[in-house]
**Student:** 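Dropping a structure here in structure tokens format, bear with me for questions.
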There are 2 protein chains.
Amino acid sequence: MSTKYSRQRETLLKVLCSTDCHPDADWIYTEVRKELPNISLGTVYRNLSNMSREGTILKLSMGDGKDHFDGNTTLIHHHMMCRRCGSIIDIFTPDKDEKEFSEYVSSYAQTHTSAIIQEHSVMFYGICSDCNK
Amino acid sequence: MSTKYSRQRETLLKVLCSTDCHPDADWIYTEVRKELPNISLGTVYRNLSNMSREGTILKLSMGDGKDHFDGNTTLIHHHMMCRRCGSIIDIFTPDKDEKEFSEYVSSYAQTHTSAIIQEHSVMFYGICSDCNK
DNA sequence: TCGATAATAGTAATGATTACTGTTATTATA
DNA sequence: TATAATAACAGTAATCATTACTATTATCGA
């Protein structure tokens, strides 16, 4: 069951990678339809699900009832959800700091449990700079 | 609009606090019905929502499509979801370490963004000790 | 005891996501 | 290039978690 090319998936990925707004499936659906008016919502969901499972994109569950997606997987960074406007913003940190941070967080948990820690995700909540003006 | 007592809420809280399995709304509904057979699912959701907003209980969004709840808010701890069985387990850490950890995580983000960081949640993913046997 | 109203039960509605099915597009191979 | 196998699709129905609505009930202060 090798992966076959599809224009739908290519376009979807292009749309997702050209924004930093961490959209949900419906936003992506709306945007992709501007280029492929007949794409189906199921196709959007299926591709988002497949690509996040494979690690091509990132799925974010921030507790607002729907999943958000991030096309930027090359540059490690964190996310904050604004309590006022609901937007999700990136928090970029220097690579060297990030390595240390990630190591600290995972080993912090690993030293206190007999389970095997494979991954972790850190979510921040607060007020974005736009809402704070 | 002061809060009035209700046996439904009391029972729900008692049920939630007497387990460490981080149940979802439906599990809680099933359990509470053993004591209050006529409680409605809406009442469960409304109370879970109210109590987590007030901080009486904790809502966990771990990315499996539904919310989980934790009645233990007095002892700060972390959570890991098992990739194999889906269960959520607690990771307890010494109080002094926890303070330092929490401070480190939030200041790590705060020094790299102009947004106001208010809270953070750290979720771990891996294989629980039961699944690792 | 009574009145105001918070909370409820029961049900309908919503919103996000998944499943299904017949059709289309991709790709390896003849 | 034609063909055959099948991955992916469009369109739609179904599911699941959650919220909204409404008439009734329970709490609680006066």
Side-chain angles (χ1 to χ4, degrees), chain A residues 1-16 21-54 56-70 81 86-88 123, chain B residues 1-16 21-54 56-70 81 86-88 123:
Chain A
M1 59 154 195
S2 60
T3 297
K4 281 182 184 171
Y5 170 85
S6 87
R7 195 143 104 81
Q8 288 84 342
R9 183 173 58 248
E10 185 189 42
T11 307
L12 169 33
L13 189 57
K14 187 188 69 186
V15 163
L16 181 57
C21 77
H22 311 85
D24 57 31
D26 204 62
W27 185 97
I28 296 166
Y29 177 53
T30 301
E31 287 302 307
V32 174
R33 260 195 305 183
K34 290 175 182 170
E35 190 161 336
L36 302 175
N38 292 323
I39 194 173
S40 113
L41 185 55
T43 297
V44 172
Y45 272 103
R46 177 167 23 79
N47 278 295
L48 288 173
S49 170
N50 290 343
M51 287 193 290
S52 68
R53 179 164 19 78
E54 293 157 10
T56 313
I57 65 174
L58 214 63
K59 187 177 92 166
L60 306 175
S61 301
M62 311 271 305
D64 67 340
K66 56 194 168 186
D67 290 330
H68 294 258
F69 297 89
D70 189 342
M81 175 171 273
S87 69
I88 299 172
M123 301 298 187
Chain B
M1 60 155 193
S2 60
T3 298
K4 282 183 184 172
Y5 169 86
S6 88
R7 193 143 107 81
Q8 287 83 345
R9 184 172 60 247
E10 186 189 41
T11 307
L12 168 33
L13 189 57
K14 187 187 70 184
V15 162
L16 181 57
C21 76
H22 311 86
D24 57 30
D26 204 61
W27 186 96
I28 296 166
Y29 177 52
T30 301
E31 287 302 306
V32 173
R33 259 196 305 184
K34 291 177 183 170
E35 190 162 336
L36 301 175
N38 293 321
I39 194 173
S40 113
L41 184 56
T43 297
V44 171
Y45 271 103
R46 178 166 21 78
N47 278 295
L48 287 173
S49 171
N50 290 343
M51 288 192 291
S52 68
R53 179 163 19 78
E54 293 158 11
T56 313
I57 65 174
L58 215 64
K59 187 177 93 167
L60 306 174
S61 301
M62 312 269 307
D64 67 342
K66 55 194 168 186
D67 291 330
H68 293 259
F69 297 89
D70 189 341
M81 175 172 273
S87 69
I88 299 171
M123 301 297 187

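Throughout, a chain's letter reflects where its sequence line sits, starting with A, and its residues are numbered from 1.
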**Student:** Of B:Pro37 and A:Gly42, whose closest DNA chain C nucleotide lies nearer the 5' terminus?
**Tutor:**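 Between the two, 5'-proximity favours B:Pro37.
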**Student:** Starting from P on D:dA10, measure out to CZ on A:Arg33 and report it in whole angstrom.
**Tutor:** 12 Å
**Student:** B:Asp64 CG to C:dA16 C1': how many Å, rounded?
**Tutor:**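 Checked: the CG to C1' distance equals 14 Å.
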**Student:** Indicate yes or no: at least one non-hydrogen side-chain atom of B:Met123 is less than 4.5 angstrom from one of B:Leu60.
**Tutor:** yes
**Student:** Could you tell me whether the phosphate oxygens of C:dA25, OP1 or OP2, come under 4.0 Å of any side-chain nitrogen or oxygen in A:Gln8?
**Tutor:** no
**Student:** Would a 4.5 Å heavy-atom cut-off, applied to side chains only, mark A:Asp70 and A:His68 as touching?
**Tutor:** no
**Student:** Using atom CD of B:Glu10 as one end and atom C1' of C:dA6 as the other, report the distance to the nearest whole Å.
**Tutor:** 17 Å
**Student:** With B:Lys59, which residues qualify under salt bridge (charged side-chain N to carboxylate O under 4.0 Å, His left out), at least two apart?
**Tutor:**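 B:Lys59 satisfies salt bridge (charged side-chain N to carboxylate O under 4.0 Å, His left out) with B:Asp67 once adjacent residues are dropped.
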**Student:** Provide, to the nearest angstrom, the distance between the OH atom belonging to A:Tyr29 and the C1' atom belonging to C:dG15.
**Tutor:** 15 Å
**Student:** Could you report the tightest heavy-atom contact between A:Leu36 and A:Gln8, atom names first, then the distance?
**Tutor:** CD1-CA, 3.7 Å
**Student:** In whole Å, I'd like the distance from the NZ atom of A:Lys59 to the P atom of C:dA16.
**Tutor:**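 In whole Å, C:dA16 P and A:Lys59 NZ are 15 Å from each other.
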**Student:** Could you give the CG-to-P distance, from A:Leu36 to C:dT24, as a whole number of Å?
**Tutor:**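 Rounding to the nearest Å, CG of A:Leu36 and P of C:dT24 are 17 Å apart.
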**Student:** Are OP1 or OP2 of C:dA9 and a side-chain N or O of B:Thr43 less than 4.0 angstrom apart?
**Tutor:**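 For C:dA9, OP1 or OP2 has a side-chain N or O of B:Thr43 closer than 4.0 Å.
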**Student:** Name the pairs: protein N/O against N/O of nucleotides 15-18 of chain D, kept only if under 3.5 Å.
**Tutor:**
unit_1	atom_1	unit_2	atom_2	d
D:dT18	OP1	B:Asp67	N	2.9
D:dT18	OP1	B:Asp67	OD2	3.3
D:dT18	OP2	B:Tyr45	OH	2.7

**Student:** Would you list the protein and nucleotides 22-27 of chain D atom pairs, both N or O, that sit under 3.5 Å from each other?
**Tutor:**
unit_1	atom_1	unit_2	atom_2	d
D:dT27	O2	B:Lys4	NZ	2.9

**Student:** Compare all side-chain heavy atoms of A:Met51 with those of A:Leu12 and state whether any distance is below 4.5 angstrom.
**Tutor:** yes
**Student:** Counting C-beta onward and ignoring hydrogens, is there a side-chain heavy-atom pair between A:Arg53 and A:Asn50 closer than 4.5 Å?
**Tutor:**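 A:Arg53 vs A:Asn50: side chains touch.
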**Student:** Might you point out which heavy atoms bring B:Tyr29 and B:Ile39 nearest each other, and give the distance in Å?
**Tutor:** CE1-O, 3.4 Å
**Student:** Does the side chain of A:Trp27 come within less than 4.5 Å of A:Val44's, by heavy atoms?
**Tutor:**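 Not in contact.
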**Student:** Any side-chain heavy atom of B:Met62 sitting closer than 4.5 Å to one from B:His22?
**Tutor:** no
